[in-house]
Amino acid sequence: MSRPRVTLLGAPLDANSSHRRGAAKAPGHLRQEMDAGYTNMTSEAGLDLSAPGLLDFLPDLPLSNAAGDTDFPAIQSGIDAVLAARSKPLLIGGDHSVSLPALRAFAARDIQPVILHFDAHPDLYDRFDGSPWSHACPFSRILEEGLATRLIQIGVRTANAHQRDQIERFGVECYEMKALPDRLPIEASETVYISFDMDALDPSIAPGVSHLEPGGLSMRQALGYLQQIRGPVVGADIV
């Protein structure tokens, strides 16, 4: 049997989220929806997502859902197993802290991609509620550890003074909703990792997220950016 092109695995972790919880249930809900039978699995690009050899579904990672970095080794190991099988991981969160161990797995295999990050928030706090592992901090840790060559953010609309300082400190290419680019500044030669926070979308589209921010992306805008990627995509997370 040929290896799957994409392997989906769930990271039921939301203990690093502030305010509203529930993202840990997302992997299970997604599997239910995909198995419900009422959704056409063929995309508008003509790709049949149910075709043999395209998608593989692994069980959710066995996480404790404890606050901090306790579950990070298990997430990193899960991503590494997918990479070892020569498939591309699609990690379903969970809160945004799951991106850090995922990128650590790529770095351990000498893969340092450009991160294309869709989000209402920069997630660049140095600490949030006293924690360096908060869902509001992962990209500070990722850039401190040198896990990516560039960080390109799309859809931000809540950058406070501290996060603007962090954007300048790390040289982040942050495109706020008020000044979105027509074209992604990514070359076809660059390897890409996609990190998609559902709150990048307008709350009228995704009202069930933990941190609602008005004035977000439409689904068509988000798809338009994803369709612009010409280089290799090595993996992704949706949180």
Side-chain angles (χ1 to χ4, degrees), residues 8-30 58-80 82 89-108 115-148 151 153 155-160 162-163 166-167 169-170 172 174 193-201 203 206-213 235-239:
L8 187 150
L9 66 165
L13 170 65
D14 60 9
N16 288 321
S17 183
S18 57
H19 307 296
R20 293 194 292 178
R21 302 288 174 85
K25 299 178 182 178
H29 286 306
L30 178 65
L58 295 181
D60 289 348
L61 295 169
L63 307 182
S64 66
N65 198 17
D69 62 349
T70 300
D71 285 321
F72 286 6
I75 297 171
Q76 181 174 342
S77 178
I79 295 293
D80 184 70
V82 174
L90 175 54
L91 183 65
I92 306 298
D95 64 53
H96 222 148
S97 67
V98 304
S99 297
L100 173 57
L103 268 297
R104 284 174 173 170
F106 282 95
I115 300 176
L116 179 59
H117 171 207
F118 294 86
D119 208 321
H121 316 92
D123 289 356
L124 283 165
Y125 282 97
D126 183 59
R127 299 285 192 278
F128 194 80
D129 288 341
S131 173
W133 313 118
S134 166
H135 71 123
C137 303
F139 294 100
S140 289
R141 305 289 86 78
I142 286 167
L143 293 173
E144 286 171 349
E145 295 182 21
L147 306 182
L151 174 59
Q153 300 182 323
V156 170
R157 46 198 188 274
T158 61
N160 61 17
H162 170 64
Q163 297 212 73
Q166 292 286 84
I167 287 168
R169 172 192 173 193
F170 290 116
V172 177
C174 180
Y193 179 91
I194 300 166
S195 185
F196 197 105
D197 192 320
M198 291 296 293
D199 65 28
L201 300 172
V209 299
S210 297
H211 296 80
L212 297 169
E213 305 293 351
D237 61 60
I238 302 175
V239 300

If you take all heavy atoms of [X] and [Y], which pair is closest and at what distance?
X      : Y      : answer
Asp71  : Ala66  : OD2-N, 3.5 Å
Gln76  : Ala108 : NE2-CB, 4.4 Å
Pro12  : Ala24  : CB-O, 3.2 Å
Gly28  : Asp60  : N-OD2, 4.2 Å
Trp133 : Arg104 : CZ3-NH2, 4.0 Å
Leu91  : Ala102 : CD2-CB, 4.1 Å

Does the side chain of [X] reach to within under 4.5 Å of the side chain of [Y], using non-hydrogen atoms?
X      : Y      : value
Arg169 : Glu144 : yes
Met198 : Phe196 : yes
Leu147 : Leu100 : yes
Asp123 : Ser134 : no
Leu30  : Ile238 : no
Gln166 : Val172 : no
Leu151 : Ile142 : no
His29  : Ile92  : no

Rounded to the nearest 0.5 Å, how far apart are [atom1] of [X] and [atom2] of [Y]?
X      : Y      : atom1 : atom2 : value
Leu124 : Cys174 : CG    : SG    : 8.0 Å
Ile79  : Leu90  : CD1   : CG    : 9.0 Å
Asp199 : Asp197 : CG    : CG    : 3.5 Å
Arg21  : Ser210 : CZ    : OG    : 9.0 Å
Leu9   : Leu58  : CG    : CG    : 6.0 Å
Ser99  : Phe139 : OG    : CZ    : 4.5 Å

Trace of the side chain to side chain donor-acceptor pair (under 3.5 Å) decision for Asn16 with Ser97: CA-CA 7 Å; Asn16 288 321; Ser97 67; 3.2 Å; yes

Lys/Arg N to Asp/Glu carboxylate O, Arg141 vs Asp126, below 4.0 Å: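 Salt bridge between Arg141 and Asp126, a charged N being under 4.0 Å from a carboxylate O: yes.
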
State yes or no: are the ring centers of His96 and His211 separated by less than 6.0 Å?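 No, too far apart.
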
May I ask you to decide if [Y]'s main-chain N or O and [X]'s side chain share a donor-acceptor pair within less than 3.5 Å?
X      : Y      : result
His135 : Ser18  : yes
Asn160 : Gln163 : yes
Ser195 : Asp237 : no
Arg157 : Ala200 : yes
Asp14  : Gly22  : yes
Asp129 : Ser131 : no
Glu213 : Ala120 : no

Test side chain to side chain contact (heavy atoms under 4.5 Å, CB included) on Ser140 and Tyr125; report intermediate values, then the result. CA-CA 7 Å; Ser140 289; Tyr125 282 97; 5.7 Å; no

Audit row: Ile75, Leu13, side chain to side chain contact (heavy atoms under 4.5 Å, CB included) steps and yes/no: CA-CA 10 Å; Ile75 297 171; Leu13 170 65; 4.2 Å; yes

